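Encoded as structure tokens, the structure appears first; notes follow it.
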Amino acid sequence: MTVLVIAEHENGALAGATLHTITAAQQIGGDLDVLVAGSDCAAAAQAAAAVAGVSRVRVADDASLTGYMAENMADLIVSIAADYSHVLAPATTFGKNFMPRAAALLDVSQISEISAVISADTFERPIYAGNAMAKVQSSDSIKLITVRTTKFDAASAEGGSATVEDVAAAADTGKSRFVGVAASESDRVELTSASIVISGGRGMQSGDNFPMLERVADKLGAAVGASRAAVDAGFVPNDYQVGQTGKVIAPDLYIAVGISGAIQHLAGMKDSKTIVAINKDSEAPIFQVADYGLVADLFDAVPELENEL
Amino acid sequence: MKVLVGVKRVLDPQVKARVNADKTGIDLTNAKMTMNPFDENAVEEAIRLKEAGTVEEIVALSIGAAKSEETLRNALALGADRAILVQTDETLEPLAIAKIFKAIVDEEQPNLVMVGKQAIDDDCNQTGQMLSALLDWPQATFASKLEINGDTAKVTREVDAGLESIDVNMPAVVTVDLRLNEPRYASLPNVMKAKRKPLDKKALADLGLDTANRMTTLEVMEPPARDAGVLVETVSELVNKLKNEAKVI
């Protein structure tokens, strides 16, 4: 039995999500291959070869894989899938894009966003925005799986010495073209990889008040996030959004400021190790998931927090 | 140009999902059901394309139990021209749904298929991608902006790193994200009119497809509950607990 992990990587470095996915693969068992696909990805392949537990890295380095377009990625995965019992990718927008496409081409179901490995064919996954967990057993000969990365620890990025081999990219379908990514301009740590996150909700009243959170974030080395209500109100850009329809994160510390705690938002942060809620409404549902609750006006509490740190 | 829009009937997102007594799924008895929110965005975008003159006809498709007719009537009230219901009482996996969708696409020959990026019940996020694979069409997932220029579409995608922009050849499958648009509400006169719009019902068995599920749900459980937290009185007490008790700062 050999398991394949599709690596997410950017600018020669493996994404943290890849290391978490590798841990899920190790829990399934068997040999572990990693596919690094993209253009100019030799450095990422070397990084993958150094990850503990990886036996072989396969590299498809081709201009047609720029931007990881789903059509070409799926064809590539299909071309090597017969070598594997399981194919895993992180359940990020990277993996979610091409994995179902590859699954359909192979005529197998995809098991989305697994949160636990029970056995080689049985997995646990959240449904209804994490309000229930389903234990599912797959009968497909090849199991295509996306992994909820916050539910698995990161594999060690060092200690491995896998072989690195080239694999041919599939022919360019020419059906789609990558134009570019407009990343939001911020020097701050990325939401999905931050160990501390401070988020603001509708209670922030205006985008002009977010610098207050940023100052606290700077002191803590934290990322800044937001609830959907704050994003919809135009306080901050979309990619700040934590929740079922935004980013699902599980930092060591999550500080929710002026966030009521809609089901939608809780789905994106309730796996955080420690949750702090600051809200003036003591009835707000966020307090039900908070380890530490502070019923206070955020406009008093946040500056005070900044001073105390 | 013709658009096919997929709509799924799901538990209303405002209703808390509860596991049923025999732990086989979610208790939907007498629960309030609604159109999957992401599908509402897909319907809205189709209507806007029609209002802009890009699209001539909008066909709404739902696959599910007889009551999915309500969801289709809602799509018709919003502005779809006609509807198709492929009726089945089984809970099908996205692969099977994609196969059914493909059969309807083969029949209807739309230039564009739009669906929500995921259904908020099973949270699979697969159907659009699978359908585009089966059709051998390009896909544009998680769209927050869509611009159609003749035989190509320019799509802005919401990705983890920010906003990605891609071009896809038409015909294409587009899966839509919440920020693509702000869905409208159906007016009462349109709700009345929708009752007379054509709705074609097909039995799943008549399509002659292999829609067997590949997965068995062994058990559905409540998520692990978090331990009850404590209320602190002051910011300094909070900072003290974070430093010395939780040891996270």
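Residue numbering restarts at 1 for every chain, and letters A, B, ... go by the order of the sequence lines. The structure presented is a predicted model; accordingly, all values stated were derived computationally and were not measured. Side chains included, hydrogens not; waters and symmetry mates left out as well; all remaining heavy atoms used.
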Among [options], single out the residue with the greatest number of heavy-atom pairs under 4.5 Å to chain A.
options                               : answer
B:Ile26, B:Thr141, B:Asp167, B:Asn240 : B:Asp167
B:Gly229, B:Pro138, B:Ala172          : B:Pro138
B:Leu242, B:Asp177, B:Val19           : B:Leu242
B:Val239, B:Leu178, B:Ile249          : B:Leu178

Atom group of [X] that falls short of 4.5 Å from chain B, counting heavy atoms:
X        : value
A:Val276 : side chain
A:Met69  : side chain
A:Leu220 : side chain
A:Thr173 : neither
A:Glu190 : side chain
A:Asn72  : neither

Between [options], who has the most heavy-atom pairs with chain B when the cutoff is under 4.5 Å?
options                              : answer
A:Ser138, A:Ala277, A:Ser195         : A:Ser138
A:Ala132, A:Pro126, A:Ala262         : A:Ala132
A:Ser115, A:Ser272, A:Ala222         : A:Ser272
A:Phe178, A:Phe98, A:Phe94, A:Tyr128 : A:Tyr128

Part of [X] lying under 4.5 Å from any heavy atom of chain A:
X        : answer
B:Asp136 : both
B:Pro13  : backbone
B:Ala98  : neither
B:Thr152 : side chain
B:Glu182 : neither
B:Leu218 : both
B:Val230 : both
B:Glu158 : both
B:Leu131 : neither
B:Leu231 : both
B:Pro223 : both
B:Arg214 : both
B:Lys16  : both

Donor-acceptor under 3.5 Å ([X] side chain, [Y] main chain):
X        : Y        : answer
B:Gln129 : A:Lys96  : yes
A:Glu71  : B:Gln139 : yes
B:Asp122 : A:Ile127 : no
A:Lys247 : B:Asp160 : yes

Hydrogens and angles aside, do [X] and [Y] bring a side-chain donor and acceptor to less than 3.5 Å of each other?
X        : Y        : answer
B:Arg18  : A:Asn131 : no
B:Asn125 : A:Gln110 : no
A:Ser112 : B:Gln126 : yes

Steps toward side chain to side chain contact (heavy atoms under 4.5 Å, CB included) verdict (A:Arg177, B:Asn169): CA-CA 9 Å; A:Arg177 286 156 300 283; B:Asn169 298 347; 2.9 Å; yes
Neighbour count >12 (heavy atoms, 6.0 Å) for atom NZ, A:Lys219: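 It does: A:Lys219 NZ has more than 12 such atoms within range.
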Other residues, nucleotides, ligands: >12 heavy atoms within 6.0 Å of B:Asp210 CG: yes
Contacts of B:Phe38 that satisfy ring-ring contact (aromatic ring centres under 6.0 Å, His included) - sequence neighbours left out: none
NZ/NE/NH1/NH2 to OD/OE distance under 4.0 Å, A:Arg125 and B:Asp123: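 No.
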Derivation and outcome, side chain to side chain contact (heavy atoms under 4.5 Å, CB included), residues B:Met215 and A:Asp140: CA-CA 8 Å; B:Met215 282 193 273; A:Asp140 280 316; 5.7 Å; no
Heavy-atom contacts under 4.5 Å, residues 100-109 of chain A to chain B: A:Pro100, A:Arg101, A:Ala103, A:Ala104, A:Leu105, A:Asp107, A:Val108, A:Ser109
I'd like a table of donor-acceptor pairs (distance under 3.5 Å, sequence neighbours excluded) in which one partner is a side-chain atom from residues 286-296 of chain A, with atom names and distances.
| residue | atom | partner | partner atom | Å |
| --- | --- | --- | --- | --- |
| A:Asp291 | OD2 | A:Ile275 | N | 2.7 |
| A:Asp291 | OD2 | B:Arg226 | NH2 | 2.8 |
| A:Tyr292 | OH | B:Glu245 | OE1 | 2.5 |

Return the [atom1] to [atom2] distance between [X] and [Y], rounded to the nearest 0.5 Å.
X        : Y        : atom1 : atom2 : answer
A:Glu304 : B:Ser236 : CD    : OG    : 6.5 Å
A:Ile263 : B:Ile120 : CD1   : CD1   : 9.5 Å
A:Asn97  : B:Lys117 : CG    : NZ    : 11.5 Å

Are [X] and [Y] packed together at the side-chain level, in the sense that at least one heavy-atom pair is separated by less than 4.5 angstrom?
X        : Y        : answer
A:Glu124 : B:Met221 : yes
B:Leu238 : A:Glu308 : no
B:Arg179 : A:Gln241 : yes

Minimal non-hydrogen separation, B:Ala246 against A:Thr274, with atom names: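 In this case the closest contact between B:Ala246 and A:Thr274 is CB-OG1, 3.9 Å.
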CA sep, side-chain torsions, deciding dist, call: A:Ile196, B:Val248, side chain to side chain contact (heavy atoms under 4.5 Å, CB included): CA-CA 8 Å; A:Ile196 302 180; B:Val248 284; 5.9 Å; no
Ignoring hydrogens and angles, write down the donor-acceptor pairs under 3.5 Å from the side chains of residues 103-110 of chain B, residues two or more places apart or on other chains.
| residue | atom | partner | partner atom | Å |
| --- | --- | --- | --- | --- |
| B:Asp106 | OD2 | B:Lys102 | NZ | 3.0 |
| B:Glu107 | OE1 | B:Lys202 | NZ | 2.9 |
| B:Glu108 | OE1 | B:Lys2 | NZ | 2.7 |
| B:Glu108 | OE1 | B:Arg82 | NH2 | 2.5 |
| B:Glu108 | OE2 | B:Arg82 | NH1 | 3.2 |
| B:Gln109 | NE2 | B:Asp106 | O | 2.9 |

